[in-house]
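Take a look at the structure set out below.
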Amino acid sequence: MSSDKVRSIKKKRKHEDGDEGPSRRRRRDDIEESPETWVLPEEAIEFRGPTFILHPSDPSPLCITYDSTRGRIVLHSADKDKTEDAAPLTILERTPTDVSQVWVVTRVAGSPTVNIRTGVGEGKFISCDKHGLVSADREARGPQEEWTPVVFPDGMVAFQNIYEKYLSVDEVAGGQLSLRGDSDEVGFGERFWVKIQSKYKKEAHAEEKKRKGIDTTTTDEAGTNKLYQAWGAGRSVVSSEDKRELREAKKEGRLAEAMLERRAKLKSDRFC
């Protein structure tokens with residue numbers, strides 16, 4: 001057996017054994033990831049849709065929940081309902097286990113601030129007054145219901161209100177913990193883990209590109225022709241004419257029309 005054939009067989013086995021490169025793994029993960037998968041936001045613009053907020057308290061992380069019966073925010077132990085034989089989860093593996101743990105984040109397009117409302121009941125917004133009192137009892141949004149998410153390099157998030165103070169977990173009388181909004185600096189109490197759903201993260205970037213006027217159309221003539229070409233025995237045939245024509249058409253907003261004309265010319269040349 002020649003050395004070329006040996007190398008060919010080894011290469012084939014390498015792919016069959018699942019030894020994929022990083023780029024191929026990323027593409028596979030993107031395809032397999034469910035739209036409802038809970039992921040960490042990497043930028044402030046990604047905050048939207050169903051949201052899960054945790055504080056890394058010790059010994060158990062605290063989940064910010066809404067008690068619709070009493071109409072108030074509650075800091076609920078993320079391990080409160082865990083059974084004894086359940087495997088321990090890292091804080092980044094945790095996802096909501098009850099609808100009361102899910103908040104809905106909305107924002108006006110282009111605004112740096114977001115509104116956070118309950119995911120159950122009539123939809124009450126989290127607000128903070130000038131004294132730092134945090135509540136979720138308002139049905140309408142205003143300046144006190146606006147929050148600016150600040151994403152840190154480690155992935156944790158702080159929320160700043162209109163008074164330039166930060167949301168924090170604070171110990172009150174009796175040793176209980178509650179939310180306040182009067183911290184001047186970001187420390188351990190002001191840092192949260194936040195999870196959003198994958199599909200909303202992608203939608204946020206698509207809308208941001210659209211808002212900035214970024215053209216997301218492609219000049220991949222070979223790929224486009226493969227979709228529409230019914231001849232060529234599976235081969236993608238492209239025009240031999242200058243590609244600058246496509247770049248100019250894209251700038252003028254008539255890319256699809258130009259590519260159609262080039263495909264039509266290829267078809268007519270085939271039957272000449």
Side-chain angles (χ1 to χ4, degrees), residues 38 40-41 43-57 61-78 96-152 156-197 200-201 203-204 207:
W38 292 94
L40 295 176
E43 302 177 48
I45 63 166
E46 297 171 355
F47 284 75
R48 58 185 293 169
T51 302
F52 180 51
I53 307 174
L54 282 168
H55 186 267
S57 300
L62 296 176
C63 177
I64 300 180
T65 66
Y66 178 70
D67 185 340
S68 56
T69 303
R70 294 183 291 170
R72 56 182 293 185
I73 299 172
V74 178
L75 293 176
H76 185 282
S77 169
T97 57
D98 189 85
V99 68
S100 65
Q101 300 172 353
V102 179
W103 300 82
V104 180
V105 173
T106 56
R107 77 161 75 226
V108 177
S111 172
T113 62
V114 299
N115 302 113
I116 309 172
R117 66 173 174 82
T118 61
V120 293
E122 300 175 353
K124 303 293 181 69
F125 291 94
I126 296 182
S127 63
C128 181
D129 65 17
K130 62 182 180 180
H131 303 294
L133 297 178
V134 176
S135 61
D137 55 7
R138 300 185 184 181
E139 297 180 5
R141 70 188 81 187
Q144 291 188 343
E145 287 70 49
E146 293 182 2
W147 298 91
T148 302
V150 181
V151 184
F152 296 99
M156 299 194 76
V157 179
F159 293 95
Q160 188 181 52
N161 59 32
I162 61 162
Y163 304 105
E164 299 185 351
K165 307 289 185 179
Y166 293 95
L167 184 69
S168 67
V169 172
D170 186 46
E171 186 174 344
V172 295
Q176 292 187 338
L177 298 174
S178 68
L179 287 181
R180 287 195 59 83
D182 54 2
S183 293
D184 293 313
E185 298 179 351
V186 177
F188 176 77
E190 291 72 34
R191 295 163 70 93
F192 299 86
W193 287 111
V194 178
K195 283 193 169 184
I196 57 176
Q197 290 188 326
Y200 293 99
K201 182 175 182 176
E203 284 179 8
E207 287 190 9

Got a second to check how far Lys201's NZ is from Leu40's CG, nearest 0.5 Å? 7.5 Å

Which distance, rounded to the nearest 0.5 Å, do you find between the OG of Ser127 and the CD1 of Ile116? 11.0 Å

Quick check: does any side chain N or O of Arg180 sit under 3.5 Å from a backbone N or O of His131, one acting as donor and the other as acceptor? yes

Of Trp193, Phe188, Phe159, the residue whose pairing with His55 passes ring-ring contact (aromatic ring centres under 6.0 Å, His included): Phe188

Please name the pair of heavy atoms, one in Pro56 and one in Met156, separated by the smallest distance, quoted to 0.1 Å. CG-CE, 3.6 Å

Determine whether a donor-acceptor pair (N or O, by modelled atom type, separation under 3.5 Å) exists between the side chain of Thr65 and the backbone of Val74. yes

Can you tell if the side chain of Arg141 reaches within under 4.5 Å of the side chain of Thr106, non-hydrogen atoms only? yes

With side chains defined as the heavy atoms from C-beta onward, is the minimum distance between Val105 and Ile196 less than 4.5 Å? no

Grab the two heavy atoms, one from Leu179 and one from Val134, that are nearest each other, plus how far apart they are. O-CB, 3.9 Å

Compare every heavy atom of Gly119 with every heavy atom of Val104, then report the nearest pair and how far apart it is. CG2-CA, 4.1 Å

Stepwise, does the ring pair (Phe, Tyr, Trp, His ring centres under 6.0 Å) test hold for His76 with Tyr66? CA-CA 9 Å; His76 185 282; Tyr66 178 70; over 10 Å; no

Who pairs with Asp129 by side-chain hydrogen bond (donor to acceptor under 3.5 Å, both in side chains), at least two apart in sequence or on another chain? none

For the pair Ser168 (side chain) and Asp170 (backbone), establish whether a donor and an acceptor sit closer than 3.5 Å, ignoring hydrogens and angles. no

pair Glu146-Val114: side-chain heavy atoms closer than 4.5 Å: no

Shortest non-hydrogen separation from Lys124 to Ala136 and the atoms involved: CB-O, 3.3 Å

Taking only residues two or more places apart in sequence, or in another chain, which ones meet Arg107 in a side-chain hydrogen bond (donor to acceptor under 3.5 Å, both in side chains)? none

So, taking the atom named CZ in Phe192 and the one named OG1 in Thr51, what distance separates them when rounded to the nearest 0.5 Å? 13.5 Å

Counting N and O atoms only, with roles assigned by atom type, does the side chain of Trp103 sit under 3.5 Å from a partner on the main chain of Ile64, one being a donor and the other an acceptor? yes

Any side-chain to backbone donor/acceptor pair from Trp147 onto Leu167? Under 3.5 Å, distance only. no

Side-chain donor or acceptor of Asn161 paired with backbone N/O of Gly181 under 3.5 Å: yes

Spell out, as yes or no, whether a donor-acceptor pair under 3.5 Å connects the side chain of Asp67 to the backbone of Arg72. no

Evaluate side chain to side chain donor-acceptor pair (under 3.5 Å) for Ser100 paired with Asp98, printing each intermediate quantity in order. CA-CA 5 Å; Ser100 65; Asp98 189 85; 2.7 Å; yes

Close side-chain approach of Gln144 and Phe125, heavy atoms under 4.5 Å: no

What is the distance from atom CD of Glu190 to atom CG of Asp184, rounded to the nearest 0.5 Å? 9.5 Å

